[in-house]
Student: 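Here it is, the structure in full.
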2 protein chains.
Amino acid sequence: MSPEPSGTSRQRGGLPEKRKAIAAAARAVFAREGYTRASVDAIAAEAGVSKRTIYNHYRDKEQLFLLTIQESAVSVAAAHLDLIQHGLCDLEDLEEGLVAFGRAWVVPQPDFEDHFALVRVIIAEAARLPEAVLQGWLEAGPRPVTAGLTKAIGELVDRGLLVTDDLDETVRHFVLLVNTEVLEQSFHHAIPLPAADLDRLVRSGVRTFLRLYRP
Amino acid sequence: MSPEPSGTSRQRGGLPEKRKAIAAAARAVFAREGYTRASVDAIAAEAGVSKRTIYNHYRDKEQLFLLTIQESAVSVAAAHLDLIQHGLCDLEDLEEGLVAFGRAWVVPQPDFEDHFALVRVIIAEAARLPEAVLQGWLEAGPRPVTAGLTKAIGELVDRGLLVTDDLDETVRHFVLLVNTEVLEQSFHHAIPLPAADLDRLVRSGVRTFLRLYRP
DNA sequence: GTCTATATGAGGATAGAC
DNA sequence: GTCTATCCTCATATAGAC
């Protein structure tokens, strides 16, 4: 349709420009439609690329999906690790710090809408996905975040702000009380909670967490 | 294929026999395949019925799906309420009773496999489902179970076995610690956890719950 | 209950740009 | 010659006609 200005895809080999467009379009369309309903045609249209071009870069639709969820997991994990770095280390007031972090973590950031939609697709397809893919996704996304949380909460323990004899369980409880509750109630962010409810849940989650682990 | 003995669908109006077969087949196929991938053809085949018969009983595929999840929610809620009745009322040892109940609740019962698969489909389609349908499903399934749990746990509070100043939150914490943790880890039962892990999670969940609410 | 109309999807073939 | 775009094929879906 639109005449494509001109020099778009010049970058050493000639590949990456359009490939990025395809990856972004795939993320958006798979997120919006789910795996089966998403058509390669739609992805091509959204990327401003011909369908054939997609098959030049990706073996088939399944491969495209697998790479899409993997990339999404990696980028969101990086963002969350950043949040942990800035929000959980060097906090002054314990309760307020945890609440602020929890809120930032759990509020559905517009940039991550697609990611959460993809997570819902993964849940839906989990039983059909190759075991290795699912494990790879866990390695790339959730696991590093848990590891970062463990490190950060471990430091709080070291500083004497929290007490526990099972750090991993403590981290699971934090995730459960602050994050998972929200996920369940919002159908994994398919039906966003009102901001007020969200705030209340995070605050009450943190308070309960502290009832368990405050010295 | 099989010649269908003869007098199968005699029941006052003539409807319900085949309708039940269709409902059962729809539950199975939607659970196995998800909404989009499931074909009405496959459902008809599984029900031993012609496709036309399905369209005689249900307006279209979407309507069939909506009624299917509703019926599934109702029947599983009834079973879970039964479990609560038999497992949570009149328990002798508090911790052991809660653990036994939690295990029975959370272990993926073969009869409910389809139900959990449907829940995954609901999560996947949640953003596309009519608001009213989702609310109706919550009313029919999860809500009554929560209500039953609230009643049962309320009685434990009345008997002085637990203390709380916010019963609803207490119930949410029980659900979270005993059930939700398992759901998250198993991708809502798409990837079943080893029995040992499951046991450990329930036991540790109950223990944490008691740390919060034991007098 | 079978048979058909219509549409849409995945992936391959064929032809054009630089 | 490499990368892109348009057209083709074959399978399968829903829903309605017979």
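All figures in this text were calculated on a predicted structure; none of them were measured in a lab. Protein chains get the first letters and strands the later ones, always in sequence-line order, with residue 1 at the start of each.
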Student: Relative to the ring of B/Phe174, is the ring of B/Trp105 parallel (under 30°), tilted (30 to 60°) or perpendicular (over 60°)?
Tutor: parallel
Student: So among B/Asp114, B/Ile43, B/Val121, which one has a side-chain contact (heavy atoms from CB on, under 4.5 Å) with B/Phe30?
Tutor: B/Ile43
Student: Hey, does A/Ile122 have a side-chain heavy atom less than 4.5 Å from the side chain of B/Phe187?
Tutor: yes
Student: Given atom CD of A/Gln63 and atom C1' of C/dA10, what is their separation to the nearest angstrom?
Tutor: 16 Å
Student: Heavy atoms under 4.0 Å, any strand shown: does B/Lys51 hit a base, just sugar-phosphate, or nothing?
Tutor: base
Student: Heavy atoms from C-beta onward define the side chain here; which of C/dT2, C/dG9, D/dT14 lies closest to that of B/Val40?
Tutor: D/dT14
Student: Going by atom types alone, do A/Thr36 and B/Thr36 pair a side-chain donor with an acceptor below 3.5 Å?
Tutor: no
Student: Under 4.0 Å: is that the gap between some side-chain N or O of A/Thr53 and OP1 or OP2 of D/dA5?
Tutor: yes
Student: Could you state the atom-to-atom distance from CD of B/Glu33 to C1' of D/dT12 in whole Å?
Tutor: 13 Å
Student: Of the listed nucleotides (D/dA15, C/dA10, D/dA5), which one gets closest to any side-chain atom of A/Ser39?
Tutor: C/dA10
Student: Write down the distance between CZ (B/Arg37) and P (C/dA10), rounded to a whole number of angstrom.
Tutor: 12 Å
Student: Between D/dC8 atom P and A/Tyr55 atom OH, what is the distance in whole Å?
Tutor: 18 Å
Student: Touch check for B/Val49, heavy atoms < 4.0 angstrom, all strands: base, sugar-phosphate only, or nothing?
Tutor: nothing
Student: Report which part of the nucleic acid B/Asp60 touches: base, sugar-phosphate, or nothing (heavy-atom distance under 4.0 Å, all strands).
Tutor: sugar-phosphate
Student: Name the orientation class of the two ring planes belonging to B/Phe209 and B/Tyr213 (parallel below 30°, tilted from 30 to 60°, perpendicular beyond 60°).
Tutor: tilted
Student: I want to verify a distance call: between C/dG11, C/dA13, C/dT2, whose nearest atom is closest to the A/Arg52 side chain?
Tutor: C/dA13
Student: C/dG1 P sits how many Å from B/Ile43 CD1, rounded?
Tutor: 17 Å
Student: Rounded to whole Å, how long is the line connecting atom CG of B/Leu64 with atom P of D/dT14?
Tutor: 10 Å
Student: Side chain of B/Asp41, heavy atoms from C-beta onward: which of D/dT6, C/dT2, D/dA13 has the nearest atom to it?
Tutor: D/dA13
Student: Quick check for you: among D/dT4, C/dT2, D/dT14, whose closest atom lies nearest to any side-chain atom of A/His57?
Tutor: D/dT4
Student: Among the nucleotides D/dA5, C/dA10, C/dG1, which one has an atom lying closest to any side-chain atom of B/Lys18?
Tutor: C/dG1
Student: B/Ile54 CD1 to C/dG1 P: how many Å, rounded?
Tutor: 12 Å
Student: Quick one: label B/Ala38 by what it contacts on the DNA or RNA (base, sugar-phosphate, nothing), any heavy atom closer than 4.0 Å.
Tutor: sugar-phosphate
Student: Measure CG/A/Asn56 against C1'/C/dA15 and give the value in whole Å, please.
Tutor: 14 Å
